[in-house]
Amino acid sequence: MTSANQTSEIEYGNAGETEESPFVPLPYKIVSKHKDTQDIATIAIEPVEGSIKPYKSGQFNMLTAYRVGEVAISISSEPTSAKRIVHTIRDVGAVSHALINSEIGDMIGVRGPFGTDWQTSDPGDADYVVVAGGIGLAPLRGAIFELANQIGKKRKVNLLVGARSPDQIIYVADMRRLEQLGVKVYETVDIADSNWRGSVGLVTELIDKAVFDPSNTKALLCGPEIMIRFTARKLIESGIDPQSILVSLERNMQCGIGLCGHCQLGPYLICRDGPVFTWAPLVKDLLSQKER
Amino acid sequence: MLAGIADTQGIDDLIKLLLGEGYVVMGPGVERNVIQKKEITSVGDLPKGYTDTQTPGSYRLERDLSSPELFSWAVGPASFKNSLFPAKQTLFEGKISKGKASITQKEVPSHKTCFFGIRPCEVAGMAVLAKVMTDGAYPDPQAVSVRKNSLVVAVECGRPAENCFCTSFNTGPMADDGCDIIITEITEGNHRFLIRSGSDAGYAILSRLAYKPALPEDVSARDKVIAKSISAISKSIDQENTPALLARNIGSTIWANIANRCLSCGNCTMVCPTCFCASFEHSNGLEEDFSAVRRWDSCFDSAHSYIHGGSVRTSVASKYRQWMTHKLSTWVDQFGEIGCVGCGRCITWCPVGIDITEETAKIAEGESLHK
């Protein structure tokens, strides 16, 4: 194989001293797959040789569908010593389409974990309000289980889930498990069907139902930006400190390591400085700025 | 520090010595009517007698066959960015079949390179880019290797172009930081070159050349070259206040005004020595083989900000604002320094001649009008 550097100036011999590249993914194998909705699937993967470093809830991986490309996908499994990693993927482009149409036994590439986390490994004695819109629940799944497993006697953990319709809600089986662990789960949809017994309306309306001590509550938010903005506003109105509100943001991420420039939001490289940010003081202003 | 005086032959001696030391010498040459970075092997490869005229949206190269001057031009369109960060680069190759993946990381060049005849703003541009590519938690192997294995022979500027504004950022016309050897071409009196060492490696090389020692009048002639260049530079950006100025003016009407002229072609990002945006793609062979390729990308491309559901920035105004505020403002937040070195390429190579220094001044003016 000849040198692949196709720029003319650098086709010289190599001494073979190349450092380990941060761009080369590790091979993982798909070990299980679950279809959540019409266009969302959850896959579990295990390492084939060598695994990524330990991760925290809220971090993400770069997943490679070989011969198609690479995308940033948040990690949905609870951080444990297990090598198995869970990712929930929505079919929105060529790579995500290839990933969710992979079969058990297929190989995918993994780089990571990257980015900041929800800080739920040690939640102290705070109450929690976790608010998710649609597939925004995926980056929160690990954090909710971490909180549920540390719920104790006093802590109140509220999970507020909004979706377009009942068939768009992911992790339905998990909700029942979380309730058994003591998490209060509230769900709402934009459009109900005949079997729906939950709320209909915006996820912000669920905040009134949640029980928490505003002076000692942390909020974790992920979903469409418009949902994040209005939810944060309502939470602040209900007495939560803006510094205690964490949000997970999304932009085009192509490298995951601050080298490709795509995921900029003002002063931030979201892959490096995020995806989890505190709402105050800066993100609030950045999200209310018209970018188009 | 060693300081010697050389004639044109002395420059050739230096190039030959560098070649003998195993360096691949990349220096200025003329190609397609612009000053280009090329592999050089003798002083004859340098752009002798060439001068350039650069204005917003225009670049012209002329040659005076009777002139002995080797370095009487300012930067051409291609920066040395391509060395640290190639425009197209294969990162790894692989073969994939059911349940089996074999991935081979591509090695990066590890040969010794000399960046010869490089302008002070280029040296600064490479340092800004290297900070992005090598100082983070995940250093880029190519940039690390090239930085480690390169020697910098800079040439101070005796004839800056109209679009130069290096004096705003202390990135020229004189050279100091990051240079192993510094050359100044002196045209007053005898045509000669003052050659100084700027590092131990540069000292070691110069100590092997039999240059005449530099006299005080040579040094003062050099100082005159620099003083003349500084006074010839008229464009400027206020380094201290511009980052905050742009951060305050995200909602300014100036962006729509610029968008009326900007073609969003992305030329400014391609010629910029520090722009580092890149996209990644898999390129497939006919069998099970493929390669992962990284290419330069531009924030002027709508796909740059694409997430499912659409691009974040679709208007030309938003794209230009992203580029300019990143360069002059948010770069400071992200990497601790400004992302511009004042080389003027974005002004020269903009097909409609948008001038980043003028637009910055307009924003400041607009703000003071509203006070």
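Nothing here was measured: the structure is a model prediction, and the numbers come from that model.
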Does atom [atom1] ([X]) have a neighbourhood of more than 12 heavy atoms from anything else shown, all under 6.0 Å?
{"X": "B:Lys95", "atom1": "NZ", "answer": "no"}
{"X": "A:Ile191", "atom1": "CD1", "answer": "no"}
{"X": "A:Gln289", "atom1": "CD", "answer": "yes"}

Counting only heavy atoms closer than 4.5 Å, note whether [X] contacts chain A via side chain, backbone, both or neither.
{"X": "B:Ala303", "result": "backbone"}
{"X": "B:Glu281", "result": "neither"}
{"X": "B:Thr104", "result": "neither"}

What's the verdict on side-chain contact (heavy atoms from CB on, under 4.5 Å) for A:His262 and B:Ser279, showing C-alpha distance, side-chain angles and the deciding distance? CA-CA 8 Å; A:His262 288 90; B:Ser279 62; 4.3 Å; yes
Find out whether B:Pro139 and A:Pro22 are in side-chain contact, i.e. whether some heavy atom of one side chain is under 4.5 Å from a heavy atom of the other.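 When only atoms from C-beta onward are counted, A:Pro22 and B:Pro139 do not touch, as no gap falls below 4.5 Å.
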Given that the side chain runs from C-beta out, which part of [X] has a heavy atom under 4.5 Å from chain B: side chain, backbone, both or neither?
{"X": "A:Leu265", "result": "neither"}
{"X": "A:Tyr28", "result": "neither"}
{"X": "A:Gln254", "result": "both"}

Counting heavy-atom pairs closer than 4.5 Å to chain A, which one of [options] comes out on top?
{"options": "B:His308, B:His304, B:Arg313, B:Met133", "result": "B:His304"}
{"options": "B:Thr325, B:Asp297, B:Val332", "result": "B:Asp297"}
{"options": "B:Asn284, B:Ile307, B:Thr330", "result": "B:Asn284"}

Between A:Cys263, A:Gly258, A:Gly93, A:Pro25, the one whose heavy-atom pairs under 4.5 Å with chain B are most numerous: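 The candidate making the most pairs under 4.5 Å is A:Pro25.
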Testing B:Phe92, B:Phe280, B:Tyr138 one by one against A:Phe23 for a ring-ring contact (aromatic ring centres under 6.0 Å, His included), which residue passes?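 Single pass found, and it is B:Phe280.
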How long is the gap from [atom1] on [X] to [atom2] on [Y], to the nearest 0.5 Å?
{"X": "B:Cys277", "Y": "A:Leu259", "atom1": "SG", "atom2": "CG", "result": "11.0 Å"}
{"X": "B:Asp140", "Y": "A:Cys260", "atom1": "CG", "atom2": "SG", "result": "12.0 Å"}
{"X": "B:Ile250", "Y": "A:Asp285", "atom1": "CD1", "atom2": "CG", "result": "11.5 Å"}

Before giving the answer on side-chain contact (heavy atoms from CB on, under 4.5 Å), spell out for A:Val24 and B:Leu91 the whole-Å C-alpha distance, their side-chain angles and the decisive distance to 0.1 Å. CA-CA 7 Å; A:Val24 178; B:Leu91 300 169; 5.9 Å; no
Heavy-atom pair of closest approach, residues A:Gln264 and B:Gln334: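 Closest approach of A:Gln264 to B:Gln334: OE1-NE2, 3.3 Å.
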Do you know which two heavy atoms are closest between A:Asn252 and B:Ser305, and how far apart they sit?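 For A:Asn252 versus B:Ser305, the nearest heavy atoms are CB-C, 4.2 Å.
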Enumerate by number any residue of residues 63-70 of chain A whose heavy atoms lie under 4.5 Å from heavy atoms of chain B; in the absence of such residues, state 'none'.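 Within residues 63-70 of chain A, the residues under 4.5 Å from chain B are A:Thr64, A:Ala65, A:Tyr66, A:Arg67, A:Val68, A:Gly69.
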